[in-house]
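Everything below concerns the one structure shown next.
What you are looking at is a predicted structure, and each value in this text was computed from that prediction instead of being measured. Counting convention: from 1, in listed order, for ligands and their atoms alike.
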Amino acid sequence: MFIAIASDHAGFALKKELEAALVARLVTVEDLGTHDTTSADYPDYAHRLAEGVASGKWERGILVCGTGVGMSISANRHKGVRAVVCSEPYTARLSRQHNDSNVLCMGARVVGPGMALDILDAWLGAAFEGGRHAPRVAKIERG
Ligand code: RB5
């Protein structure tokens, strides 16, 4: 799996932990920034990542900011991107199984590193179930 990851300043530290966890799980990961804790605008990173997911450059993406909210709002402006904010693993798993989420957003001021890793594993380990969920996901794009 080829995943892109990005954050603003608030999500920088958690992003680096998630990146290390992805590498340990043999996931190919590309870090799109930000690269330090200097104040940064989350939409810049969300749009960069979402464009690549929408075009198929990356299979999935992970975005981290203070709450995950600004990242998800920005990423969901892109057709074909289904970004979810998760603060526990159950929603992360169901967002894959039922909604075919392709971008996971987390808030570094909301979840600690331990919970974030559980969320990551739940999201990585779950597959879209298709079936009755497929036409519903298709309807998302209808606008
Ligand atoms: C930055 O202070 C904060 O607003 C940002 O990280 C994010 O939480 C926005 O949704």
- Task: Would you check if the side chain of R96 reaches a backbone N or O of A127 as a donor-acceptor pair within less than 3.5 Å?
- Result: no
- Message: Side chains of V111 and L14, heavy atoms from C-beta outward: is any pair under 4.5 Å?
- Response: yes
- Message: Going by the closest heavy atom to atom 8 (O) of ligand 1, which one wins out of D8, V69, T67, D41?
- Response: T67
- Between the main-chain N or O of T38 and the side-chain N or O of D36, is there a donor-acceptor pair closer than 3.5 Å? yes
- Message: Could you check whether any side-chain heavy atom of V103 comes within less than 4.5 Å of a side-chain heavy atom of R82, counting everything from C-beta outward?
- Response: no
- Protein heavy atom under 4.0 Å of atom 4 (O) of ligand 1: no
- Item | Plane angle bin for H133 and F128 - parallel if under 30°, tilted between 30 and 60°, otherwise perpendicular | tilted
- Item | Close-contact set for ligand 1 against G66 heavy atoms, below 4.0 Å | 5 (C), 6 (O), 7 (C), 8 (O)
- Message: Need the ligand 1 atom indices (1-based, order shown) with element for anything under 4.0 Å from a heavy-atom of C65.
- Response: 6 (O), 7 (C), 8 (O), 9 (C), 10 (O)
- Is there a donor-acceptor pair closer than 3.5 Å between any side-chain N or O of S72 and the backbone N or O of V69? yes
- Task: Check whether any side-chain N or O of K15 sits under 3.5 Å from a backbone N or O of G33 as a donor-acceptor pair, and report yes or no.
- Result: yes
- Note on the structure: If you scan protein heavy atoms around atom 9 (C) of ligand 1, the nearest is Y42 CE2, 3.5 Å
- Provide, to 0.1 Å, the distance between atom 10 (O) of ligand 1 and the closest protein heavy atom, together with that atom's residue and name. G70 N, 2.9 Å
- Numbering the atoms of ligand 1 from 1, which are under 4.0 Å from a heavy atom of R109? 1 (C), 2 (O), 3 (C)
- Is there a nitrogen or oxygen of A10 sitting under 3.5 Å from a nitrogen or oxygen of ligand 1? no
- Message: Can you tell me if M71 contacts ligand 1 (heavy atom of the residue under 4.0 Å from the ligand)?
- Response: no
